[in-house]
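Counting from 1, the numbers follow the sequence of the chain as shown. Counting convention: from 1, in listed order, for ligands and their atoms alike.
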Amino acid sequence: MEQLNKYIENTFGIDSKVINFINKQLKELEPQFAEIDARAEYNQYKVLSAMQKNHISDTHFGATNGYGYNDLGRDALEQVYADVFNAESALVRPQLISGTHALTIALSGNLRPGDEILSPAGAPYDTLQGVIGITEQRGSLKEYGITYRQVDFKDDYSFDYEGIRNAINEKTKLVTIQRSKGYDFRPALTIAELKELISFIKSIKPDVICMVDNCYGEFVETLEPTDVGADLAVGSLIKNPGGGLAPIGGYIVGKEEYVENAAVRLTAPGQGKEVGATLGLNSVFFQGLFLSPTVVAASLKGALLTAKVFESLGYETMPRSTDTRADIVQAVKMLSADKVIAFCKGIQKAAPIDSYVTPEPNPDMPGYDSPVIMAAGAFVQGSSIELSADAPIKPPYTVYFQGGLTWYHGKLGVMVALQEMYKKGLVELEEEGEANA
Ligand SMILES: *Cc1c(COP(=O)(O)O)cnc(C)c1O
């Protein structure tokens with residue numbers, strides 16, 4: 001649409017060459033966009049039917065305070081999550097303050113001294129390393145006598161089944177599997193791969209608890225880990241399932257017994273799910289879950305466009321634009337610090353909040369061995385279902401792009417990021433783009 005392109009050019013100062021280049025890439029993504037929309041539609045109906053089945057009404061939007069006994073909205077929300085995830089039970093709480101916290105509660109509630117954790121798909125997410133005690137940390141599970149084993153992927157990122165078989169022993173109590181690539185340049189695990197891995201593990205030790213770190217994975221496919229054998233799935237409400245509206249929170253879904261073990265660790269033995277006031281947050285948790293499938297679809301479109309644009313320019317991407325997507329994170333190997341910084345500055349510039357500030361690499365990030373640049377202009381601090389990009393400033397200068405509450409914002413983010421790179425002479429675009437878009 002000519003009027004739209006002119007408006008973008010004039011309002012955001014984007015060169016027509018950049019706009020034409022992006023529009024050309026977009027044309028080729030139409031079939032994949034249609035598939036993303038079809039999955040979103042399926043997931044929308046899944047959420048909708050769970051809300052209908054549980055007779056959600058405005059009585060569920062009331063606020064409780066204090067102990068939070070008889071919080072009807074909280075209990076109904078947990079039943080809706082359980083239904084959406086095809087699980088026996090759910091714990092969905094503002095008192096789960098992050099994904100890391102929800103995972104910590106799920107682990108510490110279900111493990112006892114002498115038990116062992118197995119990670120059969122490489123190292124877990126950075127923050128979990130301290131929780132488990134892979135890196136020394138005060139209060140880690142290691143301090144409570146819980147041990148840890150890890151089996152890395154093979155070179156082609158397939159599972160090392162022989163290694164996994166050998167690692168499972170009489171102490172192995174819980175297997176933790178990270179679905180998303182997180183901040184690794186590896187493929188995220190598809191539901192089909194999770195299913196295969198979990199059934200292999202259960203064939204060796206049927207009573208082991210299989211927990212999936214589901215962060216960034218919710219609603220990317222039409223099934224969730226708990227549909228294919230996971231005993232627990234855990235995630236953050238300021239990522240996919242909060243739909244951008246949840247201002248805080250985490251969830252743990254799965255087998256009744258394991259969710260209950262987590263609940264008594266979150267609150268107190270003897271109290272479990274019965275306490276925990278929601279302080280008026282129930283309605284945004286419901287509404288965020290309701291919007292989540294389309295928000296995830298928006299994020300996936302932005303990720304796909306990023307992959308396509310940078311592949312066309314000759315960069316290595318993970319996943320590639322033609323790969324099956326299993327999370328909302330898009331990684332691009334930029335191979336230069338200048339490019340990473342320009343890209344992140346563009347994402348920041350395109351934000352609704354803090355668009356006027358310039359992100360710079362922070363040399364003193366706790367837990368990181370190199371400076372890190374983070375671009376985010378979010379309504380909720382740290383919310384990475386909102387459009388954001390981060391990169392450690394070290395070779396091969398990989399940038400991780402994720403989120404976008406609306407597809408149009410994601411698209412503009414990619415445009416402004418490319419514009420920042422183009423303006424500095426860091427990318428070359430072909431002389432004549434297709435000026436007809
Ligand atoms: C974000 C994330 C976490 C941790 O969640 P926080 O809310 O940042 O604490 C854990 N695992 C994965 C794969 C993640 O993406």
Under 4.0 Å, heavy-atom basis, I'd like to know which part of His101 is in contact with ligand 1: side chain, backbone, both or neither.
neither
Kindly identify the option in Ile248, Thr100, Ile97, Thr104 whose heavy atom sits closest to atom 4 (C) of ligand 1.
Thr100
How long is the span from the CG atom in Leu305 to the CZ atom in Phe310, to the nearest 0.5 Å?
9.0 Å
Show which atoms of ligand 1 fall inside a sub-4.0 Å distance from at least one heavy-atom site of Tyr216.
15 (O)
For ligand 1, indicate whether the residue Arg179 contacts it via side chain, backbone, both or neither (heavy-atom separation under 4.0 Å).
neither
What's the shortest distance from atom 11 (N) of ligand 1 to any protein heavy atom, and which residue and atom give it?
Asp213 OD2, 2.6 Å
Nearest heavy atom to atom 14 (C) of ligand 1, choosing from Lys181, Gln178, Lys239, belongs to Lys239
Please report whether ligand 1 has a polar contact with Cys215, defined as an N or O pair separated by less than 3.5 Å (distance criterion only).
no
Would you find a donor on one side and an acceptor on the other, under 3.5 Å apart, between the side chain of Asp227 and the backbone of Glu224?
yes
Show me which atoms of ligand 1 lie under 4.0 Å from any heavy atom of Ser98.
7 (O), 9 (O)
Centroid-to-centroid, Phe159 to Phe200, below 6.0 Å?
no
Is there a side-chain contact between Ile385 and Val380 in this structure, where contact means two heavy atoms from C-beta onward sitting under 4.5 Å apart?
no
What protein heavy atom sits nearest atom 7 (O) of ligand 1, and how far off is it?
Gly99 N, 2.7 Å
Has the side chain of Glu360 got a donor or acceptor atom that lies under 3.5 Å from a matching backbone atom of Ile373?
no
Sub-3.5 Å donor-acceptor pair from the side chain of Gln129 to the main-chain atoms of Ala123, do we have one?
no
For the side chain of Lys46 and the backbone of Thr222, is there at least one donor-acceptor N/O pair under 3.5 Å apart?
yes
